[in-house]
Each structure stands twice: as C-alpha cells, then as structure tokens.
Peer 1: 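Here it is, the structure, as structure tokens.
Within every chain, numbering begins at 1; the chains are lettered A, B, ... in the order of the sequence lines, protein sequences first and strands thereafter. It should be emphasised that the depicted structure is a prediction, and the values quoted were computed from it without experimental measurement.
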Protein chains: 2
Amino acid sequence: MDTADRLIESTRELLWERGYVGTSPKAILQRAGAGQGSMYHHFSGKSDLALAAVRRTVEQMRMTADALLSAPGTALERITGYLRRERDVLRGCPVGRLTMDPDIIASPELRAPLDELFDWLRRRLAEVVAEGQSRGEFNAALDPAATAATIAATLQGGYVLARAADSVRPFEQAVTGVLALLASANH
Amino acid sequence: MDTADRLIESTRELLWERGYVGTSPKAILQRAGAGQGSMYHHFSGKSDLALAAVRRTVEQMRMTADALLSAPGTALERITGYLRRERDVLRGCPVGRLTMDPDIIASPELRAPLDELFDWLRRRLAEVVAEGQSRGEFNAALDPAATAATIAATLQGGYVLARAADSVRPFEQAVTGVLALLASANH
DNA sequence: GTCTATAATAAGATAGAC
DNA sequence: GTCTATCTTATTATAGAC
C-alpha cells in the first residue's frame, strides 16, 4: 500500500469515527505515518482527500449491498440477509453518519457520493420488493419505492437509536420489526 | 431572556446546525452577543453549556411527541400525526444528529439525555401500538416493542436519507411506507 | 515524493479589571 | 456579572530543503 493509499485509508477510518468536521489533517497524517508534504503532494487539501476516501467507502458499501441483495433466495430472505448482515452497529454507518456533517452537506461535490449511494440502494431495494410482490411474498398494494425507503431508513435510524442507547438492542428490534411487518403483509 | 438563557438558546441552534464537535465557544458567544466572561461565569465550559442545551431540547421534543401520541384518535391516526407533523426535515433531528458526534457519545453525561429520550419514545410508541392491537387495528402477532423501534428508526433514518438527497422526498416515502405496512398488517 | 519549518487563524480556557 | 487581555494548543496550509 503506497502513501496515497495509506492516507485514504486513514481518512476513511477517521471519517467513520469522528466525521469530517472532527477529523484534522494532523490526525490523518499521524495515523498514516506520513508528513504534511505527502498529503499536499497527492491531494489539494483536506476536502480533496476526504472526497477520495468517501468515494472508496461508497463503492465498497455498494458492492457489499449488491452482493447480498442479488444472492439466491426469496425477496424476504435477501432483504433479511442484507439487514441482518454482520455489522459493527455501534460504530454506525460510515456513509450515513456523514449526512450529519455540515461541511459535507454544504459541499455539492462531497454530498454527491452519498446521494448516489442511497439513491441506488432505494432503487435496488424497490426492485427486490417488486420481485417479492410478483411472487406473492408481499402485498401487491404496497408501493415498492416507499417500502424500499422504509427499509433503508430503518437501517439508518437503527444505528441512531443504538448509538443513543450504547446498545445494539434497538437496532435489532427495529430490523426485527420491519421484517415482521413485511412478512405479515403477504396477501 | 437573560444571558444564561441566550447562551443556551444559541448553543441549541448551533448543536442542531453543526453538532458538538463543529460548534466553538466563540461561535456561541457571537450568536448570543456575549463575551467569554459571561459563559465561564454561568457554565464551567463548553460541555457544561452543551449539557444544558441538550437537556432543554430533549425536554421540548418529549413534550411535542407526547402531545401528538396522546391526542384523540385511533392508534394509526396518532402515529400518523406524529410521523407527519410539520418538520424542517432537511435540518435533521436535533437529538438524533448528536448520536453521530464522537464527543457526545464518549461522554456518559452528554449521552444520557439522548438515551432517555429515545428510550421513552420507544416505550410510548409501543403503548400506542399495543392499544391499536387491542382495538383490532394492527395484527396481534406483532411485537409492540419491535414495531415501535421500527417506527422510531424510520423517522431517524428518513432524516439521513433526506439530507443525503437534499430533498424531503425519501423522508416522506419512508414515512408513507411504514404507515402502509402498519395499515396492511391489520388482521 | 517526502521531510521539517514556518505561519496565520481558531479553539478552549484563565486572569484580572471594572 | 460582564468585559477585554492573555495563554496554550490545534488547525490548515505554504515554503523550501533534501
């Protein structure tokens, strides 16, 4: 892993732990074991480095989600697999947490990757819901787009509740709850 | 409004807009029109002032939510009223956003009010869900606690999706989706 | 490419006048 | 109670040596 890569990886970790506002170039450099010169040689500054880090994180999240949602099985099984996949719940979502960062939201360039990821996720979930409806798994009256937004929101909100409680319990309850609602709507 | 009050109100606004890490004492003082001396006379420092601000915000949120969830009407009507109440969605939840703040989560004292609010909210929602079940509005097989967690998570996650998209649309879809799931599970 | 030195500005808190 | 210095450390970036 070269220096630019180490800088990006350190930034990804720190953005996840402390967000954009809470992450200083100094902290990034210390974690990467690099000096100021390296960072300003490879990137124009903090925001440029953050952009590279965010893009990499978003790309990874998308691959993981797509693999789970495209796996074999019924629609409900695939949604369950996605919602119940192994997560470090109390660390929160590395992309979702950035939506609370004022400097990320104020920058169209930094916000764009988040927008694209969640837009893609909602579309993909809507496809899976629609497949479930055509197989008779879910109530045909449900709006796939709205249901997909609910599933994605349950996940993101589950992280919020879990971090407030310092416990994975509320996250697991929220996931259990939405899966039960989906399953009970199968007519 | 005296100086201590103005400091608390300025802090509440800034915590909502920029979070704890992103809010400096200087910014608070400028917004409140006060000097350093005032702040350190009334509060021991940034975290003490933030604690007062968070407590006030939490108290207000709880009053608002309780009024809506205790209003007349069916369980579904009350949950709908709570989820669809007028909100400045793109500003996010003033309490939920703090769960992404590393310094808030690292401090048991600052995290406690968040924990208490969301714990209370889930319990209150669970009561309303249980009432709905006893009236035949919702499927009696649903777990009230899990369903309540899903409703609260949909709200918090809706903010995340909306801010990523810079649009209230995903929030509204998530709310519509969870209400449709609740209504379709009425057997 | 990477390093250290330097610099201007801000964060967070203290001291002491009034 | 409130104000204006003052202080220490961090932030973000630039300069120039190697």
Peer 1: Can you tell me how far C1' of C:dT4 sits from CE of A:Met39, to the nearest Å?
Peer 2: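 It works out to 16 Å between those atoms.
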
Peer 1: Mind calculating the distance between NE2 (A:His41) and P (C:dC3) to the nearest angstrom?
Peer 2: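 Those two atoms, NE2 and P, are 12 Å apart.
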
Peer 1: Is there a side-chain polar atom (N or O) of B:His42 under 4.0 Å from OP1 or OP2 of D:dT2?
Peer 2: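 The answer is yes; a side-chain N or O of B:His42 sits under 4.0 Å from OP1 or OP2.
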
Peer 1: Should A:Ser38 be listed as having a side-chain N or O under 4.0 Å from OP1 or OP2 of C:dC3?
Peer 2: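 Checking C:dC3 against A:Ser38, a side-chain N or O does come within under 4.0 Å of OP1 or OP2.
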
Peer 1: Quick check: closest heavy atoms across B:Leu114 and B:Val95, and the distance to 0.1 Å?
Peer 2: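 Taking B:Leu114 first and B:Val95 second, the nearest heavy atoms are CD2-CG1, 3.7 Å.
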
Peer 1: Side chains of B:Arg12 and B:Trp16: does their closest heavy-atom pair fall under 4.5 Å?
Peer 2: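 Not in contact.
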
Peer 1: From CD of A:Gln30 over to P of D:dT9, roughly how many Å is that when rounded to an integer?
Peer 2: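 Between P of D:dT9 and CD of A:Gln30: 15 Å.
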
Peer 1: Inspect the surroundings of CZ in B:Arg123 and state if more than 12 heavy atoms from other residues, nucleotides or ligands are less than 6.0 Å away.
Peer 2: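 Counting other residues, nucleotides and ligands, CZ of B:Arg123 stays at 12 neighbours or fewer.
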
Peer 1: When the distance from CG of A:Asp48 to C1' of D:dT14 is rounded to whole Å, what number comes out?
Peer 2: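 Going from CG in A:Asp48 over to C1' in D:dT14 covers 17 Å.
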
Peer 1: Within the structure, does a side-chain N or O atom of B:Ser24 lie under 4.0 Å from either OP1 or OP2 of C:dG12?
Peer 2: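 Checking B:Ser24 against C:dG12: no side-chain N or O falls below 4.0 Å of OP1 or OP2.
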
Peer 1: Before accepting this row, confirm whether a basic side-chain N of the pair A:Asp101/B:Arg18 lies closer than 4.0 Å to the acidic partner's carboxylate O.
Peer 2: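 Answer for the salt bridge query: no.
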
Peer 1: Assess the side chains of A:Arg97 and B:Thr99: does a donor N or O sit below 3.5 Å from an acceptor N or O?
Peer 2: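 Note: A:Arg97 and B:Thr99 side chains miss the donor-acceptor criterion.
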
Peer 1: So does B:Lys46 get a side-chain nitrogen or oxygen closer than 4.0 Å to the phosphate oxygens (OP1/OP2) of C:dG12?
Peer 2: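 So the side chain of B:Lys46 is within the cut-off, an N or O lying under 4.0 Å from OP1 or OP2 of C:dG12.
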
Peer 1: Could you check whether A:Thr23 gets within reach of a base, just the sugar-phosphate, or nothing at all, counting any heavy atom under 4.0 Å?
Peer 2: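 Here A:Thr23 touches the backbone only, sparing every base.
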
Peer 1: Once you round it to whole Å, what is the distance between P of C:dA13 and CG of B:Leu49?
Peer 2: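 So the CG-P distance, B:Leu49 to C:dA13, works out to 10 Å.
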
Peer 1: Could you tell me the separation between the OH atom of A:Tyr40 and the P atom of D:dG16, rounded to a whole number of Å?
Peer 2: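 Nearest whole value for this atom pair: 17 Å.
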
Peer 1: Nearest whole angstrom, please: distance from the C1' of C:dA10 to the CD1 of B:Ile28.
Peer 2: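 That distance rounds to 14 Å.
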
Peer 1: With respect to the side chain of A:Lys26, which nucleotide from D:dA13, C:dG1, D:dT11 is positioned closest?
Peer 2: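 Among D:dA13, C:dG1, D:dT11, the one nearest the side chain of A:Lys26 is D:dT11.
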
Peer 1: What is the separation between atom CZ on A:Phe43 and atom P on D:dT14, rounded to the nearest whole Å?
Peer 2: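 Taking atom P of D:dT14 as the reference, CZ of A:Phe43 is at 16 Å.
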
